[in-house]
J.: 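Input: one structure, supplied below.
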2 protein chains.
Amino acid sequence: MARELLEALDQAGVRLTGPRRELAALIARRQGHFTAADLLADAEQRSLGIGRATVFRLLELLADQNLVERVDLPDGRHAYVPCEPSHHHHLVCVSCGAISEVDDCGIDAVTAEAARRSGFEIQSHRLELFGRCPRCQNVESRQ
Amino acid sequence: MARELLEALDQAGVRLTGPRRELAALIARRQGHFTAADLLADAEQRSLGIGRATVFRLLELLADQNLVERVDLPDGRHAYVPCEPSHHHHLVCVSCGAISEVDDCGIDAVTAEAARRSGFEIQSHRLELFGRCPRCQNVESRQ
DNA sequence: ACCAGAGTTGAGACTAAGTCTCAATAGGAG
DNA sequence: CTCCTATTGAGACTTAGTCTCAACTCTGGT
Ligand SMILES: [Zn+2]
Ligand SMILES: [Zn+2]
Ligand SMILES: [Zn+2]
Ligand SMILES: [Zn+2]
């Protein structure tokens, strides 16, 4: 999965540098969503000597390329989720952070209707669903 | 409109203090979305002597009461929109910030389907639509 | 009208998120 | 291998948001 990120970056015409390879690997082994701070902590823990700015720069690059999506958690934090470049949405587990992808069947109809009623010309949308994943539901019910 | 905010706050059992009345009035006269910084700047410009913390505290209070909704702008900033307490979503003009409310007809079906497929128990969702309002479309096309 | 006490306030310290600058470094095309 | 440019890390800086605490002010009860 780190490979996919790197290939896509290569495709995008940027250099495949050491720090980028290392960060891609760190992102790949992450489960669910993570924040820039999480990634930075991962890097520091392994003494990779990667600077704060480099982390933010790579995340921005990946987000531009739709290799990673920025999610706004209900508590206001910004997190990232590695994902397919195609348009879709995320279901986020509020207790463990697990992610499930959702294709947006049906949402387009909603946006089209909203556009018709309001006269707005809709350019983009963001849909985020929050809840508890099957595993967390089980854990909870067994306690 | 400031009156409505204050009545709702009263209903919620919090004190109607001077700073809250003043901030409610400032919020009421705002068009479209605004950030905490905007509101703070409004207050400072009028030398109301309202502290930064008070602004954040009131916004949190209003958000808890669903009198204001927190919107995450595409550029990552957090903004607020005064709105009806009932569940709904916002259409945000990316060039002037104008807001249009959208009731979520159809979205519930999407979330139900996503829940069924993923096994998640969905607790909440957030939908934000971004585009250009009718006025901004006209301005653009006349230039 | 008065009072008491809990809720609220502003100042300012503090933390965390994110950006910017710049000299040094390292990809990678040729 | 060489050169040029993209990229890097350090650290200063800016901004968002939180926290603490002594001072203040609502408000309900008298
Ligand atoms: Zn979970
Ligand atoms: Zn969509
Ligand atoms: Zn507009
Ligand atoms: Zn909804």
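Sequence lines set the chain letters: A, B, ... in the order given, protein chains first and strands last, and positions in each chain run from 1.
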J.: For the atom pair CG (A:Leu48) and OG1 (A:Thr54), what is the distance rounded to the nearest 0.5 Å?
T.: 11.5 Å
J.: Considering only D:dG9, C:dG18, C:dG10, which nucleotide approaches the side chain of A:Phe56 most closely?
T.: C:dG18
J.: Mind calculating the distance between CG (A:Leu59) and C1' (D:dT7) to the nearest angstrom?
T.: 16 Å
J.: Roughly how many Å is it from CG in B:Leu40 to P in D:dT14, rounded to a whole number?
T.: 17 Å
J.: So, OP1 or OP2 of D:dG17: does either fall under 4.0 Å of a side-chain N or O from B:Arg70?
T.: yes
J.: Do the charged groups of B:Glu113 and B:Arg117 touch, with an N to O distance under 4.0 Å?
T.: yes
J.: D:dA16 P sits how many Å from B:Asp72 CG, rounded?
T.: 14 Å
J.: Provide a list of protein-nucleic acid N or O atom pairs under 3.5 angstrom, restricted to nucleotides 28-30 of chain C.
T.:
from, atom 1, to, atom 2, distance (Å)
C:dG28, OP1, A:Leu16, N, 2.9

J.: Could you tell me the separation between the CG atom of B:Leu62 and the CG atom of B:Leu5, rounded to the nearest 0.5 Å?
T.: 6.0 Å
J.: Rounded to whole Å, please give me the gap between CG in B:Leu39 and P in D:dG17.
T.: 12 Å
J.: How long is the straight-line distance from CZ of A:Phe34 back to CZ of A:Arg29, given to the nearest 0.5 Å?
T.: 13.0 Å
J.: Please report, rounded to the nearest Å, how far the C1' atom of D:dT18 is from the NE2 atom of B:His78.
T.: 15 Å
J.: With heavy atoms under 4.0 Å as the rule, sort A:Gly76 into base, sugar-phosphate or nothing.
T.: nothing
J.: Roughly how many Å is it from CD in B:Glu22 to P in C:dT8, rounded to a whole number?
T.: 16 Å
J.: Would a distance-only check, ignoring hydrogens and angles, find a side-chain to backbone donor-acceptor pair under 3.5 Å from B:His90 to B:Val71?
T.: no
J.: Keeping the roles fixed (side chain from B:Arg126, backbone from A:Asp72), state whether a donor-acceptor pair exists under 3.5 Å.
T.: yes
J.: Would a distance-only check, ignoring hydrogens and angles, find a side-chain to backbone donor-acceptor pair under 3.5 Å from A:Arg21 to A:Leu16?
T.: yes
J.: Name the residue closer to the 5' end of DNA chain C, choosing between B:Gly18 and B:Arg52 according to the nucleotide with the nearest heavy atom.
T.: B:Gly18
J.: Measure from CG on B:Leu58 to P on C:dG7 and round the result to the nearest Å.
T.: 18 Å
J.: Given 3.5 Å as the limit, does a donor-acceptor pair link the side chain of A:Gln137 with the main chain of A:Arg132, or not?
T.: yes
J.: Could you label the plane-to-plane angle of the A:His87 and A:His125 rings as parallel, tilted or perpendicular, counting under 30° as parallel and over 60° as perpendicular?
T.: perpendicular
J.: Does a side-chain N or O of A:Arg20 approach OP1 or OP2 of D:dT8 to a distance below 4.0 Å, or not?
T.: yes
J.: Could you check whether any side-chain N or O of A:Asp38 sits under 3.5 Å from a backbone N or O of A:Thr35, counting only pairs where one atom can act as donor and the other as acceptor?
T.: yes
J.: Nearest to the A:Ala53 side chain among D:dA16, C:dC20, C:dA17, which nucleotide is it?
T.: C:dC20
J.: Take the C1' atoms of the five end pairs on each side of the helix from C:dA1-D:dT30 to C:dG30-D:dC1, derive the two axes, and give their angle rounded to 10 degrees.
T.: 50°
J.: Want to settle it: does B:Thr35 or A:Gly51 sit nearer the 5' end of DNA chain D, counting the closest nucleotide to each?
T.: A:Gly51
J.: Less than 3.5 Å between a donor and an acceptor, one on the side chain of B:Arg57 and one on the base of C:dG10, is that the case here?
T.: yes
J.: Would you mind reading off the distance between B:Leu48 atom CG and C:dA11 atom P, rounded to a whole angstrom?
T.: 12 Å
